[in-house]
Amino acid sequence: METLSLEEKLGELKQFATSPIHHLAATVDTQKNFQMDIDPSIQHGITDGTRVIIDIETLKKELENPLTPAGAPVEIHTKENYKIYNCLKRMPNCIKSMEITRGDKGAKIGTNRPLENTICVAIHHIDDKTYGGLCVLREWGATDMSTIFVGYNPLQTMIWREILDDIPDALFTSCILQSRPPLPGSPAWAEGIYEIVKSFNKFPADRSLPSDSFNKIFSGNDIVKNPLNKPLTFLNAQRSLAAYNFLQAVARGHEDKKQVFVWEDGGYLNPIIDQAIHDNISIAEFRKIHMVPDDANTDRILPEQFADAMKDVFLGSVELTRNGYDMSAVIGEERDMKTRFFSIAASYEKIMLEGDSITLACIDALSQVLYSTGYSLRDRTVLVMGARGNLGRLSVGHIANILESSKDQLWGCDIKLAWPKPEPETIPDWAMWSACDVPLENVAGEVFAYKDLESKARYDIDVILGWTGGPRTRTEKDPETGEEKEVIYETITGQDVADWLTIGDKKSSLYLVSGSTKTVEFADVLTWLESVLNQPTEQKTINGIVLDALIPGPIPDQLSIAAVQQMWPDQTPPPTTIKRNLGTQFTFVFKQKGIQVSKTIYLLNNTMPVNFMYYGTPTEIMDLTYSQVTSCAVALMENKNIENGIYPTDYNNKATRKVYLGRDLKKDYPFPPSL
């Protein structure tokens with residue numbers, strides 16, 4: 001058998017890294033999709049989530065003229081008639097909820113507009129489902145909107161931006177972040193560098209977004225606003241952007257005698273608003289803490305103290321995701337809330353219908369990446385983090401059906417193993433299936449924390465699927481002394497990955513997969529990778545072992561490459577602009593027990609939620625979710641004089657009675673705990 005030299009081995013490994021990259025969000029130089037810069041000449045390779053379309057115009061026509069399942073044209077009656085309303089035509093539950101709330105009678109539009117004289121600050125993913133939800137809010141009177149989109153999938157940005165053009169800028173502002181590679185010679189940052197997509201901005205001329213100021217802050221080049229002197233994480237960059245827009249909305253609320261509510265997907269604003277009110281800080285201090293650019297015109301309108309600025313103007317927040325819910329629930333568990341927080345994150349529709357679709361989408365994305373690298377899920381050993389949570393439990397059930405022997409290959413990990421059994425009547429009947437004391441079925445075992453796995457099992461893992469929302473810090477009482485102390489619950493750390501690489505000797509590939517949110521699930525791993533990347537080239541070490549090489553590159557996407565080649569068979573070389581970004585792989589070459597080995601860590605979708613690598617969640621499922629999260633805003637408005645606190649749909653009647661498809665509750669239940 002021929003023996004390859006180190007140089008030849010490295011040459012083979014580099015076949016998927018034609019250009020070195022130094023952070024997780026970058027791809028090869030020819031792959032521009034992460035910069036939202038798609039070559040118009042090859043747009044006809046895009047899909048709309050259900051079928052391949054010939055060109056972008058075909059997608060627009062199908063949006064403008066959707067059909068019912070029976071093949072009849074969809075008819076809706078709305079006060080507005082912007083292009084964005086074509087998205088609503090594919091969401092029958094949202095249409096029904098909209099009509100009921102307006103008080104429609106047949107084709108005659110009702111007069112009830114419960115969100116009249118409000119300003120909606122929305123932070124949501126960008127796609128047709130979100131657009132449909134925004135349309136419903138507008139029909140209920142929230143026609144002044146400030147939207148900050150979450151751009152997990154750059155192709156979605158290209159498809160959906162143009163639809164917003166016909167809405168007057170004064171009635172609908174929008175912006176979005178993108179990730180870009182570091183400049184040549186600059187330090188390596190594990191999570192990437194975020195910046196404003198200037199071509200996406202939609203603002204009136206008199207209050208344009210200070211994109212250059214934001215970009216200096218995000219990149220770490222504004223040492224006054226960003227004393228960290230390094231790029232912001234996705235969460236912090238998004239919070240900075242959202243906070244700026246929120247303050248402007250509050251200022252307009254003061255001027256125009258309107259009230260402001262937050263409609264968000266991921267806990268970007270409500271936790272920092274609540275904390276700012278509790279800490280009684282000034283607007284200036286709020287800007288400083290969250291690295292928000294100055295805005296003298298806005299600050300002249302607002303009272304000096306943040307809490308004073310919120311009085312009689314800020315209604316509260318409506319949250320869609322469990323991770324965003326947990327961020328506020330942590331606050332509610334430690335002290336009295338200073339805001340009204342409504343959420344559908346724990347509702348029956350959200351968990352049992354959308355949740356199951358999300359788990360399937362994540363498992364499908366994982367399977368596709370495994371296929372692209374020559375493996376199958378069937379023969380992998382899998383650890384599910386947050387396995388007793390709603391989505392974690394669902395994913396365990398699906399994965400168990402795929403594996404050859406789940407009782408040998410599937411492990412669960414969740415701090416809920418240490419939680420006491422719920423008290424009687426503290427959980428609605430419909431939610432009993434996911435109570436923290438219900439053991440997992442068809443698994444090799446369950447542990448409280450990753451480090452509780454026996455070493456044999458720990459180093460035999462191929463796939464770690466995380467649903468936890470990342471490490472959490474909680475204030476808890478010491479059972480012996482009764483004193484309160486901060487406890488950090490880790491997920492997977494960089495040291496854990498280093499040990500898997502250098503101590504484990506059975507597996508050569510580890511896939512890190514997030515079904516969670518943002519890039520927080522494997523935050524410590526990103527920090528560790530960043531530290532290794534920034535070590536001198538000849539002195540890179542892990543656990544004291546000197547690396548012969550560390551080779552980063554994009555996870556190979558052979559299916560997309562082949563598809564592009566088939567679309568342009570006569571072009572040499574074929575265009576490569578449209579390629580799904582499956583994530584980043586890091587190949588470590590070093591000597592283990594005297595033998596040179598190579599092991600690869602795969603960061604799927606660069607540790608962002610993997611369901612967004614493809615189509616997210618089907619429209620027919622998200623239609624149900626958005627029918628709830630929109631009507632939850634009505635519940636917030638109609639309960640604007642209640643005391644501050646957490647109001648979850650299908651647990652609390654105030655957040656359920658006015659919510660479309662809400663459950664019939666016999667009483668109010670305690671809000672579900674965080675984590």
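In what follows, residues are counted from 1 in the order of the sequence shown. Please read these numbers as outputs of a predicted model, since none were measured by experiment. Below, each value reflects all heavy atoms present in this structure, side chains not excepted, and no hydrogens, waters or symmetry copies.
- Residue Ile223 qualifies as open at atom CD1: its count of foreign heavy atoms under 6.0 Å is 12 or below.
- How far OG1 of Thr527 is from CZ of Phe522: 13.5 Å, rounded to the nearest 0.5 Å.
- Annotation: side chain of Phe200 is in contact with side chain of Ile126 (closest heavy-atom distance under 4.5 Å).
- In this structure, the side chain of Arg378 does not engage the main chain of Glu404 through any donor-acceptor pair within 3.5 Å.
- Between atom CG of residue Asp548 and atom CZ of residue Phe590 there is a gap of 9.5 Å, rounded to the nearest 0.5 Å.
- No hydrogens or angles considered: a donor-acceptor pair under 3.5 Å links the side chains of Ser516 and Glu521.
- Between the side chains of Thr600 and Ser509, no donor N or O sits under 3.5 Å from an acceptor N or O.
- Residue Glu441 places its CD atom among 12 or fewer non-hydrogen atoms of other residues, nucleotides or ligands, all under 6.0 Å distant.
- Closest heavy-atom contact between Leu603 and Leu529: CD1-CD1, 3.5 Å.
- Summarising the geometry, atom CG belonging to Leu510 is positioned 8.0 Å from atom CG belonging to Asp462; distances are rounded to the nearest 0.5 Å.
- Judged purely by atom type and a 3.5 angstrom limit, Lys599 uses its side chain to pair as donor or acceptor with the backbone of Gly504.
- Of the residues listed (Val396, Asp408, Val384), the one engaging Val443 in a side-chain contact (heavy atoms from CB on, under 4.5 Å) is Val396, and it is the only one.
- Judged by distance alone, with hydrogens and angles left aside, the side-chain atoms of Asn611 form no donor-acceptor pair with the main-chain N or O of Cys362 at under 3.5 Å.
- Note on ring orientation: taking the six-membered ring where Trp is involved, the planes of Tyr244 and Phe214 are perpendicular (angle over 60°, cut-offs 30° and 60°).
- At distances below 3.5 Å, not a single donor-acceptor pair connects side-chain atoms of Ser395 with backbone N or O atoms of Thr359.
- Two residues are said to be in side-chain contact when any heavy atoms from C-beta on lie closer than 4.5 Å; Thr519 and Asn606 fail this criterion.
- Although no hydrogens or angles enter the test, the distance criterion places no donor-acceptor pair under 3.5 Å between the side chain of Ser240 and the main chain of Ala237.
- When atom types are taken as modelled, the side chain of Gln409 and the backbone of Val382 share no donor-acceptor pair closer than 3.5 angstrom.
- Remark: side-chain polar atoms of Asp499 are not paired, donor with acceptor, to backbone N or O of Ile503 under 3.5 angstrom.
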> Between Trp500 and Lys507, does a side chain to side chain contact (heavy atoms under 4.5 Å, CB included) hold up when you go through it step by step?
Replying inline: CA-CA 9 Å; Trp500 183 94; Lys507 299 298 176 72; 3.7 Å; yes
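- Within a 6.0 Å sphere centred on OH of Tyr375, heavy atoms belonging to other residues, nucleotides or ligands number 12 at most.
- Between Ile492 atom CD1 and Leu512 atom CG the span is 8.0 Å, to the nearest 0.5 Å.
- A salt bridge between Lys506 and Asp460 is absent, with no side-chain N of the basic residue lying under 4.0 Å from a carboxylate O of the acidic one.
- Electrostatic pairing of Arg388 and Glu446 counts as a salt bridge here, judged by a charged N lying under 4.0 Å from a carboxylate O.
- The two residues Val520 and Gly469 come nearest to each other via the heavy atoms CG2-O, 3.3 Å.
- Within the 3.5 Å criterion, the main-chain N or O of Lys230 finds a donor-acceptor partner in the side chain of Asn226.
- Across Ile217, Asp212, Asp222, a single residue satisfies side-chain contact (heavy atoms from CB on, under 4.5 Å) together with Pro293, and that is Ile217.
- The CD1 atom of Ile542 lies 9.5 Å from the CD atom of Gln495; values are rounded to the nearest 0.5 Å.
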> For Asp496 and Thr493, what are the C-alpha separation, side-chain angles and deciding distance, and is it a side chain to side chain donor-acceptor pair (under 3.5 Å)?
Replying inline: CA-CA 5 Å; Asp496 294 330; Thr493 67; 3.0 Å; yes
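- Counting heavy atoms from C-beta on, the side chains of Ile461 and Leu453 come closer than 4.5 Å.
- Across every non-hydrogen atom of Gly324 and Thr321, the tightest pair is N-OG1, 3.0 Å.
- Contact between Leu383 and Cys413 at its shortest, heavy atoms only, is CD1-CB, 3.9 Å.
- Listed for the Lys540 side chain is a donor-acceptor partner under 3.5 Å among the backbone atoms of Leu533.
- Using cut-offs of 30° and 60° for the angle between ring planes, the Tyr511 and Tyr602 rings count as parallel.
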>> One pair to check against side chain to side chain contact (heavy atoms under 4.5 Å, CB included): Leu394 and Ile358. What are the steps and the verdict?
In response: CA-CA 10 Å; Leu394 289 167; Ile358 290 174; over 6 Å; no
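- Distance CG/Leu377 to CD1/Ile399: 6.0 Å, rounded to 0.5 Å.
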> Are Thr607 and Val525 close enough, and set up right, to give a side chain to side chain contact (heavy atoms under 4.5 Å, CB included), and what steps lead you there?
Replying inline: CA-CA 10 Å; Thr607 74; Val525 176; over 6 Å; no
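- The backbone N or O of Tyr325 sits nowhere less than 3.5 Å from a side-chain atom of Ser328 that would complete a donor-acceptor pair.
- Counting all heavy atoms, side chain and backbone alike, Ile196 lies closest to Leu177 at CD1-CD2, 3.8 Å.
- The two residues Ala365 and Val610 make their nearest non-hydrogen contact at CB-O, 3.4 Å.
- Heavy-atom contacts from other residues, nucleotides or ligands closer than 6.0 Å to NZ of Lys216 number 12 or fewer.
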> For Val597 and Lys591, what are the C-alpha separation, side-chain angles and deciding distance, and is it a side chain to side chain contact (heavy atoms under 4.5 Å, CB included)?
Replying inline: CA-CA 6 Å; Val597 297; Lys591 292 179 177 62; over 6 Å; no
